[in-house]
2 protein chains.
Amino acid sequence: MRRITLDDVANLAGVSPITVSRVLRKPHAVSPALRLRVDAAVKELGYVPNIAASRLASARTHAVGVIVPTLYNVIFAEYLFALHDVLVAAGFQVIVVNSRYSEVEEESAIKALLGQRVEAIIITGTHHTLLSRQLLTQARLPVVETFELSPDPIDLNIGMSQEQAGQTATRHLIEGGFRRIAFLTGNLDHRARSRFDGYRAAMEEAGLPDLQIIAEKPRHSSVALGSDLFALTCDRGKAPEAIFCTDDNLALGAMQECRKRGIRVPDDIAIMGFHDLEFAACAAPSLSSVITRRFETGKLAAEKVLAALTSSLRSKDQQIDLGFALIPRESTTV
Amino acid sequence: MRRITLDDVANLAGVSPITVSRVLRKPHAVSPALRLRVDAAVKELGYVPNIAASRLASARTHAVGVIVPTLYNVIFAEYLFALHDVLVAAGFQVIVVNSRYSEVEEESAIKALLGQRVEAIIITGTHHTLLSRQLLTQARLPVVETFELSPDPIDLNIGMSQEQAGQTATRHLIEGGFRRIAFLTGNLDHRARSRFDGYRAAMEEAGLPDLQIIAEKPRHSSVALGSDLFALTCDRGKAPEAIFCTDDNLALGAMQECRKRGIRVPDDIAIMGFHDLEFAACAAPSLSSVITRRFETGKLAAEKVLAALTSSLRSKDQQIDLGFALIPRESTTV
DNA sequence: GTGAAAGCGCTAACAT
DNA sequence: ATGTTAGCGCTTTCAC
């Protein structure tokens with residue numbers, strides 16, 4: 001049973017193939033009479049256009065590639081949600097590829113997307129392999145790097161200073177009078193590392209010791225990991241007075257471990273999260289955190305891509321700092 | 001600046017286009033000498049094959065379509081993760097489309113995927129519009145419906161009885177001696193509705209009253225929603241002795257609201273979750289829940305698709321019940 | 001092992 | 001407003 005093609009529809013409707021094509025893409029360029037005949041034929045045959053053929057013939061794919069490290073992390077799910085909304089509404093397909101936090105897989109992801117002839121690429125982070133950068137540059141298409149600020153953007157760049165955010169969060173704890181402040185993290189991707197740098201900078205400027213707690217085996221951030229890491233710290237001796245977690249999940253895990261051990265938050269220990277996930281505000285005690293603007297990042301990235309794709313004038317090398325906001329809540333209130 | 005094509009590579013390497021094509025797809029069918037020349041030319045020109053052309057010419061897309069309601073829900077992120085792993089390793093592209101819990105959007109999603117000429121479709125749930133079913137049937141490709149069991153599967157079906165799971169969870173509470181048991185839910189998608197049916201069946205068989213608490217405006221399950229719904233219940237008068245939440249997120253929210261109000265869990269109220277999200281075990285008190293096998297669902301669905309795509313013998317109408325498991329923890333222990 | 005010819009199913013460009 | 005022609009960039013025959 002052969003697949004139905006445009007020609008089949010044209011034959012049934014008694015028109016030329018191009019007319020069918022027009023009815024499907026720009027119905028108003030066709031007279032109502034023919035349009036009706038064609039629509040009827042399409043329906044009768046259950047015709048579904050072959051997108052590959054359309055892409056090949058028109059040299060347009062109406063597809064945008066998006067690379068994220070993972071879908072596990074809600075942050076990226078929210079970001080994608082916003083991206084998706086804007087791009088799909090504008091008639092674009094969003095092709096999502098995971099890099100699994102690996103620069104090598106990111107490289108393959110870029111190749112795969114270029115093979116698909118996507119019209120733009122939105123990529124998480126600003127650190128890529130040399131070849132990745134080269135591929136993205138040579139492809140001559142709009143590229144948006146997100147979630148971080150690059151000293152040397154490939155093209156567009158929408159993000160925030162992860163380092164400043166880390167520093168701000170740490171300073172908040174220092175100002176709270178805490179001195180033994182630990183930094184908790186699982187997977188140290190480039191963004192977590194920047195926050196860590198910010199933490200260290202803040203500690204150093206206050207003349208305080210660096211108390212890092214980094215999962216030995218990189219594990220993706222989770223509540224369970226937070227519990228584990230915190231338990232480990234406690235068992236290792238002198239507990240910190242405060243902890244700054246790279247992620248609210250870790251913070252929640254640490255909080256639960258505290259409860260188990262009868263350690264009071266914030267009386268015995270202050271806990272600071274990151275990203276302001278939706279449960280942070282309603283945790284008990286409520287969790288201090290740092291708001292990051294994932295939705296806006298996704299929305300803006302998508303809009304910039306659309307703008308670049310629509311108008312021919314490329315407003316190159318734009319960098320947008322979306323900032324962040326510290327939200328002090330009960331978990332760090334003395 | 002024209003895009004590099006296979007012909008360009010062939011010219012540079014001094015071979016025919018078909019040889020380049022072979023080097024890329026079945027390198028062992030080409031002599032080492034030519035292979036090296038071609039590889040060099042590919043690298044020198046930075047050639048990236050046009051997948052649309054390849055798909056059109058070969059009538060194979062090596063793409064599998066997956067429809068999920070949303071990416072917000074970790075359940076689907078985990079499921080996709082497993083799916084992805086299997087399919088990508090086998091050389092397939094995974095095209096993910098969201099239906100946003102709408103049967104109408106699901107229909108468009110199916111059309112979009114068929115337009116892409118995906119070789120199989122893996123779809124969440126067993127309830128679809130009439131046209132959706134028709135499209136899926138007529139397309140004559142492997143279809144896997146997941147997460148539920150269908151009385152009349154389109155093709156393959158891998159899932160579990162949501163209703164039995166709901167009934168089992170409710171019985172567990174009833175056996176704990178609770179009588180005023182409420183059912184908490186936000187968005188009532190088909191699976192949540194089935195769990196609800198199970199809840200009602202259990203309550204009815206025990207001769208107990210139905211105490212449902214359903215969000216007025218459908219909202220996706222979240223910790224905040226759990227807090228809100230539970231607060232609402234408390235303010236409305238006589239509090240239930242136990243609650244069964246469609247989702248661990250709701251359960252966690254309810255638990256936090258309890259803490260805020262000084263209601264002890266499980267002494268004053270028992271709380272039962274669903275899905276056994278990763279924080280359930282480490283919550284304080286630990287949260288009773290029902291394990292659902294998202295990873296296995298994804299993995300198996302992908303494997304079945306591969307099998308159907310590889311061997312020509314279609315093992316039609318298979319249905320696999322992956323079951324579920326009740327995990328009693330502190331939150332329901334009297 | 002390598003190549004020549006033909007065509008996949010559409011659309012752009014140019015008629016009419 | 002509609003049709004004709006040519007071709008997008010690959011791969012599938014089928015020769016050699």
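Numbers restart at 1 for each chain; the letters A, B, ... are given by sequence-line order, proteins then strands.
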Notebook entry, point to check: Do B:Asp85 and A:Arg100 sit within salt-bridge range, that is, some charged N less than 4.0 Å from a carboxylate O?
Noted result: yes
Margin query: C:dT2, OP1 or OP2 - any side-chain N/O from B:Ser31 closer than 4.0 Å?
Written below: yes
Margin query: Looking at A:Arg193, I'd like to know if its CZ atom is crowded, meaning that more than 12 non-hydrogen atoms belonging to other residues, nucleotides or ligands lie closer than 6.0 Å.
Written below: no
Check: Below 4.0 angstrom from OP1 or OP2 of C:dT2, is there any side-chain N or O of B:Ser16?
Finding: no
Checklist line | For B:Thr137, all residues meeting side-chain contact (heavy atoms from CB on, under 4.5 Å), sequence neighbours excluded | finding: B:Ile154
Note to self: Does the protein touch nucleotides 6-16 of chain C at the base, only the backbone, or not at all? Give it as B, S and - per nucleotide, heavy atoms under 4.0 Å.
What the structure shows: -BBBBBBB---
Check: Does any pair with a residue in residues 95-148 of chain A pass ring-ring contact (aromatic ring centres under 6.0 Å, His included), and if so which ones, sequence neighbours excluded?
Finding: A:Phe76-A:Phe147, A:Tyr79-A:Phe147, A:His127-A:His190
Note to self: Taking side-chain contact (heavy atoms from CB on, under 4.5 Å) as the definition, give me every residue that meets it alongside A:Arg22, ordered by chain and number, with sequence neighbours left out.
What the structure shows: A:Ile18, A:Val30
Margin query: Do A:Leu300 and A:Val86 have side chains that approach each other closer than 4.5 Å (heavy atoms only, starting at C-beta)?
Written below: no
Item checked: Start and end of the DNA chain D segment that chain B contacts, any atom under 4.0 Å from a heavy atom -> D:dG9 to D:dT12
Notebook entry, point to check: Have B:Thr292 and B:Arg294 got a donor and an acceptor in their side chains that come within less than 3.5 Å?
Noted result: yes
Item checked: Within residues 32-71 of chain B or reaching into it, pairs that qualify as ring-ring contact (aromatic ring centres under 6.0 Å, His included) - sequence neighbours excluded -> B:His62-B:Phe92
Next item on the list: Hey, could you give me each pair passing side-chain hydrogen bond (donor to acceptor under 3.5 Å, both in side chains) that has a residue in residues 36-45 of chain A? Not counting sequence neighbours.
Entry: none
Next item on the list: Give me the residues of residues 34-44 of chain B where at least one heavy atom lies under 4.0 Å from an atom of DNA chain D, by number, or none.
Entry: none
Check: How would DNA chain C look in dot-bracket form, 5' to 3', counting Watson-Crick and G-U wobble pairs with both distances under 3.5 Å and writing | for bases paired to another strand?
Finding: ||||||||||||||||
Next item on the list: Return the set of residues passing side-chain contact (heavy atoms from CB on, under 4.5 Å) with A:Ser108 (not counting sequence neighbours), or none when no residue passes.
Entry: none
Item checked: Residues in side chain to side chain donor-acceptor pair (under 3.5 Å) contact with B:Glu303, at least two apart in sequence or another chain -> B:Lys299
Check: Who are the side-chain contact (heavy atoms from CB on, under 4.5 Å) partners of B:Arg293, not counting sequence neighbours?
Finding: B:Glu296, B:Leu322
